[in-house]
Structures are given as structure tokens and as C-alpha cells.
Amino acid sequence: MKLTTIFIATASALSITSATAQSLPDNMYIDGYIDISGSDISGSGHTLGRANLNFGLKPNRDGRFGVGFSIGINAVDFSSTTISQAVAYPAITFTLGNTGLLSVGVPRPVLNHGYIPQDTLAHSAAVNIFLDSTQLLPNSLASQVYQYDSSRPNLYGLRYDGEFGNTKIGVSYQRMGDVEADIYSIAFQHQLGSIGRMGDTKLFGGIERLDFDTGLIINTYILGAEANTDKLRTGLKLSKRELHGFINVVSANLYTDYKITNSFSLVGSILYIDTDGGGANADIYGLGMEYQFLNGGYLNASYSTGDLDSKKDVIEVSLGWRF
């Protein structure tokens, strides 16, 4: 897969969708992003193309048409590395009335989408992809294996999403072939509302368990909070991954962004990763800025530095579109 193939093909298809987005029926949707970036990693130049998209047809909850579909797409092509992979998450969706939504097929694990903020490290796509592909950052391990494992394992299962007042809850079960594992996940997001000067605040978290046929069990835990005002967003995400009988990985990610204008913002982040059992440790710092244009376009620049085995400085510029 070539970088230009990912970017041009996806951009061409979605530019048509973006142009007609205002005329889509109310129960159809598209969200996510596509971008391309250039980076300098300690003197070595790289290019990176990414697409993280979701689109589909929402089933009506009034009983007139209770079946829909969803398709998620993740595509990555990182030059000068072996990271080049595209995966899909197609599913049929069924309304459960006011009690929630059931997805059957290849739904995204709940730790990967819908409940827990995924952004880290000041808009640096290169650093994020590196940490995700090497599984050093305890996000959804199911998604990391599905996206990056060389065996390209298949994935199938079901997912439930429900909303109860100010609380959203998601539960998913999946079976991953080739690596032969059952995956059990639960995630939540709770809106606390406005808390003084902190603004609107939400709590989020989740647990994911990979139970391999060989007897190996890997658990991932995530807990965090995020506060938003008109201009400032600040969050803290704590993660832990337990590989029973092997090593534990813990991380703490503090992130913030400040809107100077409606179009221009500054971002900053600190990421701490500690791996016991002889693994790698890291302290990574990032600063960035973003300019938004039209109705979804963005241009951002970032600088990240830190210790991960050896010192790495990453300077990156990205151009993309959010849907």
C-alpha cells in the first residue's frame, strides 16, 4: 500500500461526501478524519498518511425502520517503516428502542471509539502511530492487534451502546481469529455538567480483557477526566496494561488546548510511560498549534521530544480534514 493511494483514494471519495453532507438524510452520518503529514524524526524525514472514518445509516428508534449499518475504516501508511495497513469495521445495527443500540459483525471495541478521548501528544501523528503500533500506549489492545499484527487476524462479534441520563455505557464481545483470543470490553462516559471555573466536565474509563486460548490473559484499564470551557480544554488519562506473568505498562497523559481565536489554537501534552519487567520507559512532551479553515479543514504543526530508549525529537506538519 502506498501513501498516495491511501490519501488520494480516500480524499477523492470523501470530498464528494463532504460536498453533499448538508443534504444527507437525518439518519445518515459520517465522522472522523483524514490527513497527511511530513515529519523530521531526529534528522530523518518521513511522510505519513492516515484515515480514521466512520459512516453509516442509523436505525430509527420509533419502530418504522429498526435496522441500519455502520462501517469504520482505519488506514495508515508510514514511509520508511513497515507500518502500512488498512482495516475495516463493518456491522449491522439494530435499535433497541430507548434502551440502546446493538451492533453485530465487526464493530469497533468500545475502548477504541465513542467513550474515551483518543488524542495525545500535541497533534503528532508520527508519535501517536509509533506508540500505538508498538502497543506501548495502553489503549484498546484489540484494535492495536487488529490494525498492526502481521498475521492480519480476523475479528467478529457484537457491541451494545446505551445512554442513561448523563451516562453512556458500551459493552462489546469479540473473537479474534489467527491469534485465537476472546475480547471482553466495557466503557463509560459520564457528564458531570459545569463545575465552577472548570466548565463542563466529564469522566470516562473502561476495561478490556483479552483471553487467549493458550491461557494468557491481558487486561487494559483506562480512567480519566476532561474539563471544557469556551476556550480551554484540559484532560488527564491514566492507563494500565497487565500481561499476567510478564510485564505491566502504566501511563499518564495530561493534555490541554487553548483557543486563541475560533480558528487558531495552541496545544500541549505530557505523556509518562513506565514498563516494569525490563521494558522501555518514556517521558514525552509535545507542543503544537492548529489552524482550522473552511468547515473541517485543518493545518497543524507540532514539536515532540522525550526519552524512549534514546532521545527523539519530532517536528511535524499535517494537513487534513475532519468530518
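Values below: all heavy atoms of this structure, side chains included; hydrogens, waters and symmetry mates excluded.
The pair D200-K202 fails the salt-bridge criterion, with no side-chain N (NZ, NE, NH1 or NH2) lying under 4.0 Å from an Asp/Glu carboxylate O. Under the 4.0 Å criterion applied to side-chain N and carboxylate O atoms, E180 and R175 are assigned as salt-bridge partners. Between R108 and E208, no side-chain nitrogen of the basic residue sits less than 4.0 Å from a carboxylate oxygen of the acidic one, so the salt-bridge criterion is not met.
In this structure the side chain of L53 never reaches within 4.5 angstrom of the side chain of Y33, judged on heavy atoms. At a threshold of 4.5 Å between non-hydrogen side-chain atoms, the residues E242 and K240 count as touching. At least one side-chain heavy atom of D132 sits less than 4.5 Å from a side-chain heavy atom of Y148. At least one side-chain heavy atom of V87 sits under 4.5 Å from a side-chain heavy atom of Q85. In this structure, the side chains of Q189 and T167 stay at 4.5 Å or more apart for every pair of heavy atoms. Put simply, the side chain of L137 reaches to within 4.5 Å of the side chain of L271, judged on heavy atoms. When side chains are defined from C-beta on, L319 does not count as touching D35, because their heavy atoms never get closer than 4.5 Å. Side-chain contact check for Y173 versus S185: every heavy-atom pair is 4.5 Å or farther apart.
In this structure a side-chain-to-backbone donor-acceptor pair under 3.5 Å is missing from S103 to L158. In terms of modelled atom types and a separation under 3.5 Å, the side chain of T93 and the main chain of F69 share a donor-acceptor contact. Judged by distance alone, the side chain of S133 and the main-chain N or O of F130 form a donor-acceptor pair under 3.5 Å. One N or O on the side chain of N128 and one on the backbone of S124 form a donor-acceptor pair closer than 3.5 Å. Looking at Q174, its side chain does come within 3.5 Å of a backbone N or O of P107 through a donor-acceptor pair. Side-chain N or O atoms of R241 include one that pairs as donor or acceptor with a backbone N or O of Q135 at under 3.5 Å. Under the 3.5 Å distance criterion, the side-chain polar atoms of Q118 are left unmatched by any main-chain donor or acceptor of H113. Between the S42 side chain and the D313 main chain, a donor and an acceptor come within less than 3.5 Å of each other. With hydrogens and angles disregarded, a donor-acceptor distance shorter than 3.5 Å links the side chain of N154 to the backbone of G177.
Among all heavy-atom pairs drawn from R233 and N228, the shortest one is CG-OD1, 3.0 Å. Taking each heavy atom of F212 and A181 in turn, the nearest pair found is CD2-CB, 3.6 Å. Closest heavy-atom contact between A225 and F204: N-CE2, 3.5 Å.
Because its NZ or CZ atom is both nearer than 6.0 Å to the ring centre of Y298 and within 45° of the ring axis, R322 counts as a cation-pi partner of that residue. Judged by a 6.0 Å distance limit and a 45° cone about the ring axis, K58 is positioned over the six-membered ring of Y29.
For the 3.5 Å distance criterion, the side chains of Y291 and N300 fail to qualify, holding no donor opposite an acceptor.
Applying the ring-ring contact (aromatic ring centres under 6.0 Å, His included) test to Y115 and every residue at least two apart in sequence or in another chain returns nothing.
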For this session: Let me see the working for V145 and M176 under side-chain contact (heavy atoms from CB on, under 4.5 Å), right down to the final yes or no.
Result: CA-CA 9 Å; V145 173; M176 185 174 289; 3.5 Å; yes

For this session: For side-chain hydrogen bond (donor to acceptor under 3.5 Å, both in side chains), just list the numbers for T47 and S79, CA-CA rounded to whole Å, side-chain angles, deciding distance to a tenth of an Å, and then say yes or no.
Result: CA-CA 5 Å; T47 53; S79 71; 3.3 Å; yes

Exercise. Checking salt bridge (Lys or Arg N to Asp or Glu O under 4.0 Å) for the pair K259/D257: CA distance, chi angles, key distance, verdict?
Worked result: CA-CA 7 Å; K259 287 186 177 181; D257 63 70; over 6 Å; no

Exercise. Y184 and D211: side-chain hydrogen bond (donor to acceptor under 3.5 Å, both in side chains), yes or no, with the steps?
Worked result: CA-CA 8 Å; Y184 309 92; D211 193 342; 5.2 Å; no

For this session: With side-chain hydrogen bond (donor to acceptor under 3.5 Å, both in side chains) as the test, would you mind laying out the steps for E226 and Y255 before giving the verdict?
Result: CA-CA 9 Å; E226 184 178 285; Y255 58 91; 2.6 Å; yes

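For Y146 and Y89, the ring centers sit closer than 6.0 Å to each other.
From I273, atom CD1 reaches atom CD1 of I284 across 5.0 Å, with rounding to the nearest 0.5 Å. Atom CD of E290 sits about 10.0 Å away from atom OG of S263, to the nearest 0.5 Å. One finds the CD1 atom of I222 at 10.5 Å from the CG atom of N253 (value rounded to the nearest 0.5 Å). Remark: S304 OG to L287 CG distance equals 8.0 Å, nearest 0.5 Å. Of the inter-residue distances, the one linking S239 atom OG with I116 atom CD1 reads 7.5 Å to the nearest 0.5 angstrom. Rounding to the nearest 0.5 Å gives a distance of 10.5 Å between NE2 of H190 and OG1 of T201.
Among D77, I34, I129, the one residue that satisfies the side-chain contact (heavy atoms from CB on, under 4.5 Å) test with R50 is I129.
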